[in-house]
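Here is the structure we will look at, set down as structure tokens.
Sequence lines set the chain letters: A, B, ... in the order given, protein chains first and strands last, and positions in each chain run from 1.
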There are 2 protein chains.
Amino acid sequence: MHTVAQVNVHDHLYPLCKPPKTPFGAHIFPGLCKRFLYIKMQGPEVTLLTTIKDVAAAAGVAPSTVSRVLAGSSRISPQTHEKVRAAMKELKYHPNANARSLAKKATHTIGLVMARPVEQAFANPFFPEVMRGIGSALYAQGYNLILSMAATPAEERTACLRLLRHSRVDGVILTTSRIKDRLIDDLIKEEYPFVLIGRAPDQLGASWVNNDNVAVGAMATEHLMSRGHRQIAIINGPLDTLVSCDRRQGYVDALTRAGLPLRPDLEVDGGFTKEGGTRAMHDLMGLPNPPTAVYCVDDAMAVGALIALKERGKSGSVAIVGVNDDPLTALTDPPLTTVRIPVFDLGATAANLLVETLTGRVTGPRQIILPSQLVVRESSNWTLG
Amino acid sequence: MHTVAQVNVHDHLYPLCKPPKTPFGAHIFPGLCKRFLYIKMQGPEVTLLTTIKDVAAAAGVAPSTVSRVLAGSSRISPQTHEKVRAAMKELKYHPNANARSLAKKATHTIGLVMARPVEQAFANPFFPEVMRGIGSALYAQGYNLILSMAATPAEERTACLRLLRHSRVDGVILTTSRIKDRLIDDLIKEEYPFVLIGRAPDQLGASWVNNDNVAVGAMATEHLMSRGHRQIAIINGPLDTLVSCDRRQGYVDALTRAGLPLRPDLEVDGGFTKEGGTRAMHDLMGLPNPPTAVYCVDDAMAVGALIALKERGKSGSVAIVGVNDDPLTALTDPPLTTVRIPVFDLGATAANLLVETLTGRVTGPRQIILPSQLVVRESSNWTLG
DNA sequence: CTATGTTGTGCATACGGTTGCACAGGTAAA
DNA sequence: TTTACCTGTGCAACCGTATGCACAACATAG
């Protein structure tokens, strides 16, 4: 720890500022550096952190004037503005975000809740990509991003509420999509601003940004039918999430439109993981009447399915389609046909929507749906003989 | 927006609290919800946010007493403690983090700087995994995580400094490892607490957490030599990063110890990307005297190298070793031999070190090195015939 | 029974910035 | 010249919490 020469800032201060009798003695806050070092001497104690008062003193104006310059108020004369700017530069002034947040009741920070254990959140490339979109939009808007991290959904919920209730964030983005989510109910009840990635059950009146998951399912299924398949299985995620329901709905719709029967034995749960996909695929192949094509509602499960096929020495004999267009799906063997979800845009749009809501440019809940696109690769690009 | 019944909180207030003449009129802060709704009526204005004063009034004590209960001060009688707790619960009191940060000069928040454009940061599974480690440790310590997101290194630098100078975070974790980094110099000069993931050039006296990269290079190289290889190439990252230097050093050491010559034509730069790895591998295979084994200092480049081999119809004819043990490397064709880096622990350890520094339990710079481990898979598990 | 702690609580002030209102000085209209 | 309105700035109160110091009540020692 360093000692610092005494600088009796307050001698030069704007008269309004009495010499402080700080409640702290010669106190070095644990672990904090020179900015927070107080020195007790015969004179008044001194902090090295420059404040608007210091700037005001240097520029020969009142603190309120400095504050107005900072806020870009129009009622400041150009000369004063210039003087204050110069003083700020000379004193290397930086406004204190906590003080500002306290006074303005806004933190310019938003929270991101992942709604799954941190452990799992990044297992799927979806999250990083969504975060990239969010980050990019928030950076452009001058907002900060706090990550809410917890080990369980219950902890996640309290962590998120804590962020909001403690005024640490102005609003949150959720990536949940469980059909029943206490957190969403709480947020609505306590009237906190939030945006969902992935739609909410309609009645809630929440803001959300989603892609057209029903269309996704239909696209994948119709593509497989166009290649001559009629026994099309679906490896789905848990049905308590809306993504799973929607992506299944598209599959059902497409089959129904084509007059094909729904075979319940061709619907299995892969739990949104690669391993689950492998297991599900093995189950399907063990059926007396196995499918000729499989639509997996997520790339991770599709990759798992490919592995199962390889393990059975049947690579290429069953058509596989995934969803997401994870960067790695192009590298699988065979390269995976998939439906490209605009994951980055999902994040960016959600972030922008939330900021617009916070700044009052958007009022009330708003829902946005982004389009997806089929990407045909070798895993399905052949016709059933 | 809702209207709210008038609740003249201040009538019941502790006498210290004069009825506020708030500077705000009937003012709804843009985009904020009911908690920040003020109502102008004939009486004094009212806020719905409960503060320690409200709690104090309800419990019949002074605000300072409430504050002490919150802080768990020992000089509070059990009865008072109980009374105050009850009042807090009844009023659904939640402390305001901004006010607390202002008074305590500590935010209980740390920043994470990715040191590459957000766009690239998540391309490599390394970052998500490091973040998971950081998140997990911070959650356990009750700290929050702010992500510093910017498009360019220069912006990243100003964004990071801004977080610190504005007192939005108490310290930062950097994932940079460029040999010369202005940001690090700035942090040291302004005496902000920070921890590096990946070592710093020694003279700096910074805290960092790293894995034993020289050992990594040696392990990989010695493994290849043990399989009979003598023409071992290295696909490296840019040499202005310390990771690259260290991982190369291990390679050089191992070859030297074994009495093998260094062939400069077998050292190529793959830029830490998959595409770069593919390009580099093609270059190597085009040499008059191509290598029989290649050590790639990162899994992404190793995957790229595998692709190049496949493109040349030479899969399996050149041994490949990567570094990181990304979850996906086990899925490549052939499965990739790699050196497992404790990425999660790297993040967790860095976070813990930073918190210990902030709380004064650790003083001065400290360096920590975590061990790595070779994972042999098919891409190299055969002997040169 | 007085002198000397000890314990628990309250008062006042501080943290750094924002903003309603008052007011001085200047300008333009009557 | 007087009245009316800007314009620019300062004053003072406020955001919600933390804490040094003073002090009252009570316990203990001499």
Side-chain angles (χ1 to χ4, degrees), chain A residues 14-27 29 36 38 40 44-45 47 49-56 59-71 73-81 83-84 93-107 166-167, chain B residues 14-27 29 36 38 40 44-45 47 49-56 59-71 73-81 83-84 93-107 166-167:
Chain A
Y14 188 77
L16 170 137
C17 182
K18 308 150 221 150
K21 292 177 231 137
T22 151
F24 317 114
H27 188 173
F29 282 86
F36 303 119
Y38 288 81
K40 186 164 209 150
E45 292 82 7
T47 165
L49 198 53
T50 39
T51 74
I52 44 168
K53 291 182 191 160
D54 302 319
V55 174
V61 298
S64 51
T65 302
V66 177
S67 174
R68 290 193 179 101
V69 170
L70 244 75
S73 161
S74 58
R75 304 187 41 132
I76 294 289
S77 74
Q79 301 91 305
T80 308
H81 193 283
K83 252 188 331 194
V84 171
Y93 167 76
H94 299 284
N96 181 304
N98 294 121
R100 191 182 292 209
S101 296
L102 178 58
K104 303 253 302 183
K105 291 172 178 311
T107 60
H166 290 198
S167 304
Chain B
Y14 189 76
L16 169 138
C17 183
K18 309 150 218 148
K21 292 177 231 138
T22 152
F24 318 114
H27 188 174
F29 284 87
F36 303 119
Y38 287 82
K40 186 162 210 152
E45 292 82 8
T47 164
L49 197 54
T50 39
T51 73
I52 45 169
K53 292 183 192 162
D54 302 318
V55 174
V61 299
S64 51
T65 302
V66 177
S67 175
R68 290 193 180 100
V69 170
L70 243 74
S73 161
S74 58
R75 305 189 38 133
I76 295 287
S77 74
Q79 301 90 305
T80 308
H81 193 284
K83 253 189 330 191
V84 170
Y93 167 77
H94 299 284
N96 181 303
N98 295 121
R100 189 179 291 204
S101 296
L102 178 58
K104 302 253 302 184
K105 292 173 177 310
T107 60
H166 291 199
S167 304

Mind calculating the distance between [atom1] ([X]) and [atom2] ([N]) to the nearest angstrom?
X: A:Arg75; N: D:dT7; atom1: CZ; atom2: P; answer: 7 Å
X: A:Asn96; N: C:dA14; atom1: CG; atom2: P; answer: 17 Å
X: B:Lys83; N: C:dT9; atom1: NZ; atom2: C1'; answer: 10 Å
X: A:Ile52; N: C:dG17; atom1: CD1; atom2: C1'; answer: 5 Å
X: B:Lys104; N: D:dT19; atom1: NZ; atom2: P; answer: 5 Å
X: B:His81; N: C:dT9; atom1: NE2; atom2: P; answer: 11 Å
X: B:Leu49; N: D:dT17; atom1: CG; atom2: P; answer: 7 Å
X: A:Lys53; N: D:dG10; atom1: NZ; atom2: P; answer: 15 Å

What nucleotide, of [options], holds the atom closest to the side chain of [X]?
X: A:Ala103; options: C:dG17, D:dG8, C:dT9; result: C:dG17
X: A:Ala62; options: D:dG10, D:dT17, C:dT9; result: D:dG10
X: A:Thr65; options: C:dT9, C:dT18, D:dT9; result: D:dT9

Task: Phosphate contact (D:dG16 OP1 or OP2) by B:Thr51 side-chain N/O below 4.0 Å - done: no
Open item on the list: I want to check one thing: is the phosphate of C:dG16, taken as OP1 and OP2, less than 4.0 Å away from some side-chain N or O of B:Lys105?
Closed with: yes
Task: 5'-most by nearest nucleotide on DNA chain C - B:Gln79 or B:Leu102 - done: B:Gln79
Measuring from atom [atom1] of [X] to atom [atom2] of [Y], what distance do you get when rounded to the nearest 0.5 angstrom?
X: B:Arg68; Y: B:Ile52; atom1: CZ; atom2: CD1; value: 10.5 Å
X: B:Asn96; Y: A:Lys105; atom1: CG; atom2: NZ; value: 7.5 Å
X: B:Ser67; Y: B:Arg100; atom1: OG; atom2: CZ; value: 7.5 Å

- [ ] Begin from the C-alpha positions of B:Val55 and B:Val84 and carry the test side-chain contact (heavy atoms from CB on, under 4.5 Å) through to its verdict.
- [x] CA-CA 7 Å; B:Val55 174; B:Val84 170; 4.2 Å; yes
Open item on the list: Using a heavy-atom cut-off of 4.0 Å across all strands, would you classify A:Ser77 as base, sugar-phosphate, or nothing?
Closed with: sugar-phosphate
- [ ] Assign A:Ser64 to base, sugar-phosphate, or nothing according to its heavy-atom contacts below 4.0 angstrom with the strands shown.
- [x] base
Open item on the list: Less than 4.5 Å apart, side chain to side chain, heavy atoms only: is that true for B:Ile76 and B:Thr65?
Closed with: yes
Open item on the list: Looking at B:Arg68 and C:dG10, is any side-chain donor or acceptor paired with a base atom of the opposite kind under 3.5 Å?
Closed with: yes
